[in-house]
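Have a look at the structure below before the remarks.
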Amino acid sequence: MLFEIYDPKAAPRPIGIDLGTTHSLVAYVKNEKPFAVANCDGEILLPSVVAYDDSEVVVGTQAKKSAADHPQSTIVSVKRFIGRGADDPETRRLGPYDFVGPAVGDANVVRFRVGKSRVVNPVEVSAEILRELKSRAEDELGRIGGAVITVPAYFDDGQRQATKDAGRLAGLEVLRLLNEPTAAALAYGLDKKQDGHFAVYDLGGGTFDITILLLDDGVFQVKSTGGDSALGGDDMDRALAEDMLLALGWMEAGKAKSKSLTPHPKLTPGVVRVMLDKARDVKHVLTIQESVEVSMPTATSGDKTLIMTRRRLNEIVAPLLDKTGQACRRALKDAGLEAKDLDGVILVGGSTRMPAVRAYVQKAFGKEPLADIDPDQVVALGAAIQADLLAGSGPKQEVLLLDVLPLSLGIEVGGGVVDKILPRNTTIPTAARATYTTQEDKQTGFEVHVVQGERELVRDCRSLARFTLKGIPPMPAGIARLELTFRVDADGLLSVHAKETTTGTEQTTVVKPSYGLDDETVEKMLTDALDYGEADLVARRLAEGRVEGGRIANATRKALATDADLLAEGEKEAIERALTELDVAMKGSDPAKITGRIEMLDGATKAFAGRRMNRAIERAIGGKKVDDVSRTVATARGVDAHVEEHRR
């Protein structure tokens with residue numbers, strides 16, 4: 001047997017980590033080729049299972065063995081909980097755990113009781129898995145450098161930040177968070193030197209991603225992305241387990257058309273854990289066999305032998321595969337492509353081993369999918385390649401990764417309307433700047449509400465962060481200038497910089513939500529944006545009309561009070577009638593009527609406004625030189641045009 005001798009002076013080797021729902025693994029690059037790291041038993045895949053007791057923490061295969069006997073202190077598929085809110089009803093369906101509510105003042109994160117006095121959250125559990133992978137890599141390589149950790153493309157800000165926090169907690173230097181489909185394409189692209197449009201169909205244990213990307217001369221450009229951060233092999237296991245529980249009398253189907261299931265009173269967390277593990281084993285066997293016999297306990301007495309067939313399994317998972325198909329069609333549409341335009345389809349994730357999945361993908365895209373690289377390893381291998389490149393020790397070939405934003409980012413403006421600053425599918429890293437002004441006189445602060453989503457109104461989008469820029473001196477409405485800069489880094493994390501340009505007051509915040517999107521929320525955001533598009537536009541016009549009408553009405557009333565001496569006979573009465581009709585229109589729900597009444601008020605005040613303008617000009621230029629006046633007017637026009645553009 002030959003042993004590699006480590007050079008203590010050698011540079012640390014960067015690593016790539018696939019932090020998966022079912023399994024995790026770590027890889028590195030040697031002689032420009034990526035290799036997955038195995039443990040002393042030759043196992044490459046580390047089960048993503050963490051078992052706790054009062055004295056120690058066990059990760060991996062041994063932890064998995066304790067799941068049936070200790071279901072509440074053994075956390076399985078923790079990735080499903082990353083970034084999830086404690087009050088999310090879907091949380092309670094994801095395992096037989098003892099959930100603990102957040103402590104007073106704590107963020108709204110999931111917490112598990114795993115012992116008499118021990119409570120942990122998903123970031124801490126994930127960190128245990130990463131520590132084990134780190135230890136495995138150190139045993140193989142001696143010294144390790146920074147790490148690239150992969151995440152589903154559809155992970156939102158909260159889920160990405162939680163993953164990065166877990167890496168830091170594990171003692172890793174996180175070089176980058178890399179989208180899993182991009183990592184897979186990187187592994188395939190460098191290996192095969194292929195260019196063209198590719199779809200990466202990534203169905204893992206707990207998440208599904210579909211990414212359409214263009215490989216062109218070393219540039220990996222994501223054209224569109226989609227998926228579901230709560231859909232994967234675990235859902236297939238759960239559906240199969242429920243089918244077996246029904247057959248064994250542990251559950252009863254709801255009456256009439258109800259799809260609800262009523263559990264047997266003796267259905268304990270231990271039985272649920274056993275059934276989920278049995279379902280996973282059955283699924284794996286049916287990947288290579290047409291049928292399997294399995295003996296399991298019934299709800300009444302004794303065991304019963306069930307014969308499970310691949311055909312029945314295919315029927316059970318068909319609705320889940322249809323959900324992936326919807327995301328695939330939307331991703332193709334976003335990329336401006338049809339299935340026939342693709343040069344290939346890459347399979348990623350252990351669930352793509354199933355014959356039903358491969359058949360579905362072939363039918364959906366009309367071509368045989370690529371599966372040359374082990375779908376369980378391909379993401380980690382791609383992450384290792386990226387880590388090697390970031391560390392400067394990779395091949396001289398230039399490789400550029402261009403990922404995109406899965407959802408639009410913007411802020412709330414007047415009337416609860418969303419002003420999108422960075423639209424979805426914008427290539428990252430990226431930055432954008434927009435300028436706003438005040439709506440009220442003597443306003444001394446700006447409240448900035450950052451939102452994410454595709455709908456027109458804030459109430460239909462997801463709130464990411466709120467902060468207030470204070471210390472603005474009181475000024476008339478429209479004079480203060482708020483400059484907002486949105487920056488999204490290569491990890492997909494957002495920071496917002498706010499600056500009031502006339503005073504220099506500024507503030508920066510890193511958008512770090514305490515929990516992630518609900519199950520299927522991202523998909524729902526996109527479908528709702530299409531389904532309610534017309535109604536949203538009407539609601540937006542109504543909100544904007546009310547804000548504009550209110551602004552004009554207030555300014556008109558102020559003018560009547562300050563310059564009443566400029567009014568002609570009968571003019572005040574006409575203006576007040578127009579104001580009354582505008583007030584009535586703003587209480588209604590017809591944006592066109594509001595616009596009409598604004599125009600009517602504009603007509604009634606036109607002559608009066610002209611006289612006020614003349615007075616203002618006389619006061620402004622009195623005793624000044626022509627050149628000075630010209631410069632002042634030019635500057636004012638430029639600023640007003642800039643603000644008006646962003647206000648629209």
Side-chain angles (χ1 to χ4, degrees), residues 407-424 432 434-441 443 445-466 468 476-478 480 482 484 486 521-522 524-560 574-606 609 640-648:
L407 289 169
S408 300
L409 297 167
I411 67 163
E412 178 179 359
V413 293
V417 172
V418 177
D419 188 28
K420 294 172 184 173
I421 295 177
L422 286 172
R424 64 185 292 258
T435 305
Y436 302 89
T437 188
T438 51
Q439 294 180 348
E440 302 290 339
D441 288 338
Q443 190 172 323
F446 288 94
E447 182 177 343
V448 181
H449 183 197
V450 184
V451 296
Q452 180 183 43
E454 304 309 310
R455 302 287 292 277
E456 298 294 332
L457 301 181
V458 169
R459 69 182 184 220
D460 300 315
C461 292
R462 184 193 181 213
S463 174
L464 289 183
R466 290 178 184 268
T468 302
L482 176 67
L484 283 180
F486 275 32
T521 297
V522 173
K524 189 174 186 302
M525 281 180 168
L526 297 179
T527 55
D528 284 353
L530 296 174
D531 295 342
Y532 301 108
E534 187 174 342
D536 281 355
L537 287 174
V538 172
R540 182 188 183 105
R541 287 198 298 269
L542 178 61
E544 290 177 335
R546 286 172 175 168
V547 169
E548 182 69 2
R551 185 186 67 82
I552 292 173
N554 288 338
T556 301
R557 289 190 171 99
K558 187 182 297 183
L560 290 176
I575 292 174
E576 288 180 341
R577 280 196 300 272
L579 280 170
T580 300
E581 293 199 30
L582 176 57
D583 289 340
V584 172
M586 287 192 295
K587 293 177 182 177
S589 57
D590 186 350
K593 184 172 287 187
I594 297 175
T595 301
R597 296 301 180 265
I598 289 175
E599 292 174 353
M600 182 183 297
L601 179 59
D602 183 58
T605 59
K606 193 168 185 178
D640 287 345
H642 186 58
V643 173
E644 179 65 18
E645 176 65 24
H646 286 289
R647 187 188 63 76
R648 288 199 299 267

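Side-chain atoms are counted along with the backbone in the values below, which use heavy atoms only and exclude waters and symmetry mates.
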Once you round to the nearest 0.5 Å, how far does [atom1] of [X] lie from [atom2] of [Y]?
| X | Y | atom1 | atom2 | answer |
| --- | --- | --- | --- | --- |
| R557 | L560 | CZ | CG | 8.5 Å |
| T437 | L482 | OG1 | CG | 9.0 Å |
| E456 | K420 | CD | NZ | 5.0 Å |

Inset, instruction - Could you list the residues that satisfy side-chain contact (heavy atoms from CB on, under 4.5 Å) with N554, not counting sequence neighbours? - result: none

Considering all heavy atoms of both residues, which atom of [X] and which atom of [Y] are nearest to each other, and what is their separation?
| X | Y | answer |
| --- | --- | --- |
| L542 | D590 | CD1-N, 4.2 Å |
| A604 | A574 | CB-O, 4.3 Å |
| K593 | A585 | CG-CB, 3.9 Å |
| F446 | A480 | CZ-CB, 4.0 Å |
| D419 | V413 | CB-CG1, 3.8 Å |

Inset, instruction - State which residues pass side-chain hydrogen bond (donor to acceptor under 3.5 Å, both in side chains) with E581; sequence neighbours excluded, sorted by chain then number. - result: R597

Inset, instruction - Give the intermediate values and the outcome of side-chain contact (heavy atoms from CB on, under 4.5 Å) for residues L582 and T556. - result: CA-CA 12 Å; L582 176 57; T556 301; over 6 Å; no

Legend entry - Residue pair L409 / I421, side-chain heavy-atom distance below 4.5 Å: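 No - every pair of side-chain heavy atoms lies 4.5 Å or more apart.
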
Legend entry - Contact check, side chains of I411 and Y436, non-hydrogen atoms, under 4.5 Å: yes

Legend entry - Partners meeting salt bridge (Lys or Arg N to Asp or Glu O under 4.0 Å) with E447 (sequence neighbours left out): R466

Inset, instruction - Mark yes or no for whether R546, through its side chain, and P591, through its backbone, hold a donor-acceptor pair below 3.5 Å. - result: no

Inset, instruction - List the steps and the verdict of side-chain contact (heavy atoms from CB on, under 4.5 Å) for I552 and T605. - result: CA-CA 11 Å; I552 292 173; T605 59; over 6 Å; no

